[in-house]
Structures are given as C-alpha cells and as structure tokens.
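See structure below.
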2 protein chains.
Amino acid sequence: MTHLKHPAMTQALREAGYRLTQPRLAVLQVLQENDAGLSPEEIYRQGKTLCPTLGLVTVYRTLDLLAELGLARRVHSEQHCHSYASAGADRHYVICQACRRVIEFPCHGLDDLIAEVRQRTGYTIVGHLLELSGLCPDCQARQEM
Amino acid sequence: MTHLKHPAMTQALREAGYRLTQPRLAVLQVLQENDAGLSPEEIYRQGKTLCPTLGLVTVYRTLDLLAELGLARRVHSEQHCHSYASAGADRHYVICQACRRVIEFPCHGLDDLIAEVRQRTGYTIVGHLLELSGLCPDCQARQEM
DNA sequence: TTCCTTATTGAAAAAATATTTCAATACGTT
DNA sequence: AACGTATTGAAATATTTTTTCAATAAGGAA
Ligand SMILES: [Mn+2]
Ligand SMILES: [Mn+2]
Ligand SMILES: [Zn+2]
Ligand SMILES: [Zn+2]
C-alpha cells in the first residue's frame with residue numbers, strides 16, 4: 001500500500017481537492033499494476049489485499065471519480081464492456097482477445113480521416129476512441145503449440 | 001410490422017436457419033428505424049408497438065443472435081455502454097454526444113497506423129473499433145441559440 | 001500532538017440489468 | 001390441416017449498480 005508507483009496520480013487527486021484515502025489509493029494501485037481492463041468486481045477483489053476494509057461501493061465511486069479526473073478510463077470491447085484501466089489522456093489501445101492485455105499506442109494519421117468525416121457528416125469531432133483487437137505476442141505463441 | 005425496409009437482413013436470418021418470427025422482426029425493424037444506439041429496454045418499448053406480445057427476454061436473446069450474425073452491433077461510449085444499432089460489417093461511427101445519433105462512415109487511412117502498431121507492439125490485429133464523438137449538425141445549431 | 005469539521009466510507013437495502021427455466025405457442029414443413 | 005420443434009413470455013433467479021445513512025478517518029487548526 002504505502003507508496004504507489006506513480007505519485008503523479010495521487011497528486012492529481014489531492015490537487016483536485018480530494019482526500020487521499022486508503023481505499024482510493026488501493027484502487028489506484030490496482031489499476032496501475034494491471035494493463036488489462038479490470039471489472040469493478042475484480043478491482044475490488046485485488047484491492048482488498050491492499051486495503052482489507054475496502055467496499056465494493058467505494059470501488060464504483062472511486063472509478064467514477066478517477067474517470068472524471070482522467071486518471072482512469074473505461075475499456076470497451078465486445079466481450080467485456082464495463083472494465084477500467086489506468087489512463088492518461090489518450091484513448092488508443094490494442095487489446096488482446098485472449099488474455100485481454102491492453103497496450104496503448106500514440107495515434108498518428110487519424111487527422112485526415114477525422115477531417116473527412118467532419119466534412120462528410122457535418123459533425124464536429126471533439127474526441128475519439130480507437131480500439132484495435134487481436135492477439136498479443138504471448139498468446140500468439142501459446143496458440144501455435 | 002408487415003414489411004421491413006431491408007429484406008436483406010431478414011433473409012440473412014432465414015438463411016442461417018432461424019425462424020422469421022414476429023418478435024424478431026419487431027426488434028429488427030426497431031433497429032432499422034433508429035440510427036442511434038438503443039438500449040435493450042428502449043428496443044423493448046418500441047418493439048412492443050410492433051409486436052404487442054414481445055417480451056424483454058426475447059429482446060435480449062434476439063440482440064445476441066443478431067450480433068452473432070453481424071446484423072446488429074453494440075455501440076460503445078462513455079455514457080451508454082450497452083446499446084445496440086443495426087449494422088453491417090463496419091465498426092466506424094460518429095456519435096453525437098447530445099442526442100446520441102450515430103452515423104457510420106467508411107474507414108480509410110487506418111492501414112498505416114495499424115501496421116505501425118503491429119510492428120511496435122507485436123500484436124496481430126484482426127479487428128478494430130473507431131468511435132468518433134462530437135456534435136451532430138442539429139445539436140450544434142441548437143447549442144448556438 | 002490533539003481536537004475539530006466534514007468528506008468519505010462500508011453495510012444494508014433498493015433499484016436496475018441480465019440470465020435461466022419451463023410450459024405454452026407459433027413457425028415452417030409435410 | 002396436422003405435426004415436430006424452435007421459439008416465446010412469465011416467473012424466478014442471478015448479477016450488477018445505486019442510494020441511504022450512521023460510523024469513520026483524513027486533513028487543517030489549535
Ligand atoms: Mn462498452
Ligand atoms: Mn476500417
Ligand atoms: Zn494475450
Ligand atoms: Zn445531436
């Protein structure tokens with residue numbers, strides 16, 4: 001529990017005027033230790049090992065809070081819809097269909113496409129989510145056996 | 001009820017060996033009449049006007065079925081996660097943050113980006129989901145008043 | 001440090017969503 | 001029209017999420 005890998009995140013919480021509580025730190029840490037999307041239930045399970053008194057309600061509340069602050073984001077996919085992962089501002093990631101491991105990537109070359117869509121549809125575009133899905137190297141290897 | 005706008009879809013159902021029942025036709029029609037993502041509950045509500053005996057359970061079952069056949073797809077967004085829309089094979093759409101209207105667009109110029117990600121991460125990429133979000137023309141106008 | 005104020009918590013209850021079961025029904029075939 | 005069976009809706013069950021509220025603990029003041 002004691003110290004998190006990314007103190008930047010805890011500071012962001014503090015600076016936004018929120019208290020740095022044990023339950024919140026636990027949730028934050030769980031998110032940091034997993035790059036796959038985790039369901040609230042799973043975050044709760046892992047979080048309890050860090051903060052035994054942690055309640056599931058608080059997990060939900062904390063995820064809402066972190067998402068609002070941009071410290072966590074929802075991971076969407078056809079299978080698991082409501083899972084969360086630690087996050088910066090980006091919303092571009094590859095997700096492994098087998099083990100659900102998530103890797104973010106910088107998103108270049110989308111600007112042209114966005115401009116085209118804006119023109120074609122008349123929508124103003126203020127954000128986007130690009131999810132690629134496939135198989136991570138490990139799962140590719142495992143599949144070849 | 002009687003005839004759907006896109007008989008192609010009903011044929012796809014038949015050809016896959018499924019019966020063309022009133023409840024299924026109702027769900028299909030509701031999806032076709034809305035370009036926004038609809039929740040199962042909302043599909044149920046609208047569907048009942050077409051097939052009064054329709055049950056919510058059947059809506060769930062039918063959505064599963066249609067999604068499997070590629071005739072419907074889940075629409076993901078930060079706000080409403082589990083909604084469905086009529087669909088072809090594509091998974092590229094703009095969604096209006098205000099009225100939730102969805103427009104699909106053809107996706108060009110993603111190939112380079114995907115190749116880059118494949119190289120950088122080692123993932124094999126088999127599919128993708130690109131969701132742009134913003135404001136539709138109507139909602140832009142409404143906002144300027 | 002101790003004391004205070006109040007944001008935050010967890011348990012419990014309630015609400016909202018989703019799934020399973022099963023007898024009745026309607027679809028498609030003969 | 002008659003049949004066999006996939007499909008249905010109601011009810012029960014399970015799962016997920018939200019609300020409420022008294023107890024607690026975080027952070028600032030003394
Ligand atoms: Mn989703
Ligand atoms: Mn594409
Ligand atoms: Zn994998
Ligand atoms: Zn709109």
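Hydrogens, waters and symmetry mates play no part in the numbers below; they use all other heavy atoms, side chains included. Chain letters run A, B, ... following the sequence lines, proteins first, then strands; residues in each count from 1.
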Under 3.5 Å, which N/O atoms of the protein pair with N/O atoms of nucleotides 27-30 of chain C?
| residue | atom | partner | partner atom | Å |
| --- | --- | --- | --- | --- |
| C:dC27 | O2 | B:R19 | NH1 | 2.8 |
| C:dC27 | O2 | B:R19 | NH2 | 3.4 |
| C:dG28 | OP1 | B:L20 | N | 2.8 |

Any A:R61 side-chain nitrogen or oxygen under 4.0 Å from OP1 or OP2 of C:dT8: no

Listed partners of A:R19 passing side chain to side chain contact (heavy atoms under 4.5 Å, CB included), at least two apart: A:T21, A:R24

Partner set under side chain to side chain donor-acceptor pair (under 3.5 Å) for B:R45, not counting sequence neighbours: B:E42

Any pair counted as salt bridge (Lys or Arg N to Asp or Glu O under 4.0 Å), so long as it reaches residues 112-128 of chain A, sequence neighbours left out: A:E116-A:R120

Interatomic distance, B:L56 CG vs C:dA16 C1' [rounded to whole Å]: 11 Å

Residues that B:T124 engages under side chain to side chain contact (heavy atoms under 4.5 Å, CB included), provided they are two or more places apart: A:L135, A:Q140

Any residue meeting side chain to side chain contact (heavy atoms under 4.5 Å, CB included) with A:S133, in chain and number order, not counting sequence neighbours: A:I95, A:Q97

Contact boundaries on DNA chain D for chain A, cut-off under 4.0 Å to non-hydrogen atoms: D:dT16 to D:dG28

A:Y18: partners by side chain to side chain donor-acceptor pair (under 3.5 Å), with sequence neighbours left out: none

Overall bend - the helix from C:dT1-D:dA30 to C:dT30-D:dA1, comparing terminal axes fitted on five pairs, nearest 10 degrees: 40°

Partner of A:Q46 by side chain to side chain contact (heavy atoms under 4.5 Å, CB included), out of A:L54, A:L31, A:N34: A:N34

Residues in side chain to side chain contact (heavy atoms under 4.5 Å, CB included) contact with A:Y60, at least two apart in sequence or another chain: A:P40, A:L56

Single-linkage hydrophobic cluster, 4.5 Å side-chain cutoff, A:F105 and B:I114 together: yes

Side-chain heavy atoms of B:H92 within contact of B:E104, under 4.5 Å: no

